[in-house]
Amino acid sequence: GAGAAPTFQAAGGGGLVHLDTQTPSGGASVAFTSTHITATYDHYVVKISNMNHQSDSDFRILVSNDNGSSYEGGTNYNYRSYEESETGAVYNRTAAGQGKIVVGGSHDGEPSNSHTYNIEISGLMSAAKKTTFRWSAGYRQSASSEWFTGSGGGEYLVAEAVNNIQFIMASGTITGTFSLFGVAKS
């Protein structure tokens with residue numbers, strides 16, 4: 001009634017369910033497959049820590065609808081990111097109609113570096129929705145050797161069931177810890 005304090009129901013779902021962790025030590029890429037990407041979850045989170053790589057290059061995401069037999073390219077991706085360095089240098093990256101999503105600019109491959117990412121993904125197994133990505137990042141850039149933090153988002157422009165996500169550098173090998181989580185449904 002009037003003047004009564006509002007009541008709230010406990011929020012359901014939303015908890016992270018650990019599905020897989022991979023720790024590549026010099027492979028060309030990391031992929032999460034249909035073993036873990038299923039219709040059980042509508043939303044996924046990938047946490048990447050202690051990432052490094054052999055050569056200075058961009059960090060990229062590609063998707064597959066055939067569990068990694070091939071990865072989508074062409075002009076099927078859009079992305080946008082905002083990155084700021086420790087000295088205040090700012091980069092805004094916007095790209096439409098690309099053959100990949102660039103999550104972070106040119107990373108410094110110095111062995112002592114430790115790059116980190118949190119990437120949220122929605123729409124993977126839906127034939128009616130585009131797959132979307134949102135991320136936050138921390139990495140050392142190769143050109144200036146400055147520490148950057150950034151955020152961004154992107155999408156795979158085709159509405160189809162995606163059952164494989166690949167993380168890959170533009171060149172060289174990759175190391176680190178890559179963990180995939182499903183977000184529990186309500």
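What you find for D66 and N163 is that their closest heavy atoms are N-OD1, 3.7 Å. In plain terms, the two heavy atoms of G26 and T175 that are nearest each other are N-CG2, 3.5 Å. For the residue pair A137 and Y117, the shortest heavy atom distance occurs at CB-CE2, 3.1 Å. Minimum interatomic distance between W135 and S81 (heavy atoms only, all atoms of both residues): CZ2-CB, 4.1 Å. Between Y44 and L124, the closest heavy-atom pair is CD1-CD1, 3.4 Å. When all heavy atoms of F133 and I121 are compared, the pair lying nearest together is CD2-CG1, 3.6 Å.
Between Y156 atom OH and N78 atom CG the span is 12.5 Å, to the nearest 0.5 Å. How far CD1 of I168 is from CG of D58: 12.0 Å, rounded to the nearest 0.5 Å.
Put simply, the side chain of S64 never gets that close to the backbone of I165: no donor and acceptor are under 3.5 Å apart. No donor-acceptor pair under 3.5 Å is formed between the side chain of T149 and the backbone N or O of G138.
Side-chain atoms of N92 and R80, non-hydrogen and from C-beta on, do get closer than 4.5 Å to each other. With a 4.5 Å cut-off on side-chain heavy atoms, V63 and N164 do not count as touching. Within the 4.5 Å cutoff, the side chain of E72 has no heavy atoms near those of the T131 side chain. Considering only heavy atoms from C-beta on, H18 stays 4.5 Å or farther from K47 through its side chain. With contacts defined as side-chain heavy-atom distances shorter than 4.5 Å, the pair Y41/M125 does not qualify. At a threshold of 4.5 Å between non-hydrogen side-chain atoms, the residues Y79 and I61 do not count as touching. Residues L19 and F32 fail the side-chain proximity criterion, which asks for heavy atoms closer than 4.5 Å.
Using modelled atom types, one finds a donor on one side chain and an acceptor on the other under 3.5 Å when comparing D20 with Q22. A donor and an acceptor atom, one from each side chain of S114 and N50, are located under 3.5 Å apart.
Taken together through direct or relayed side-chain contacts under 4.5 Å among Ile, Leu, Val, Met, Phe, Trp and Tyr, Y82 and Y77 form parts of separate hydrophobic clusters. Linking ILVMFWY residues whenever their side-chain heavy atoms come closer than 4.5 Å, directly or via other members, leaves L157 and V162 in distinct clusters.
Under the 30°/60° scheme for interplanar angles, the aromatic rings of F148 and Y139 are found to lie parallel. A parallel orientation is assigned to the rings of W147 and H115, their planes being inclined by less than 30° (bins at 30° and 60°).
Considering only residues two or more places apart in sequence or on other chains, S136 meets the side chain to side chain donor-acceptor pair (under 3.5 Å) condition with none of them. Applying the salt bridge (charged side-chain N to carboxylate O under 4.0 Å, His left out) criterion to E83, with sequence neighbours excluded, gives R93.
Exactly one of I101, V103, V102 qualifies for a side chain to side chain contact (heavy atoms under 4.5 Å, CB included) with F59. That residue is V103.
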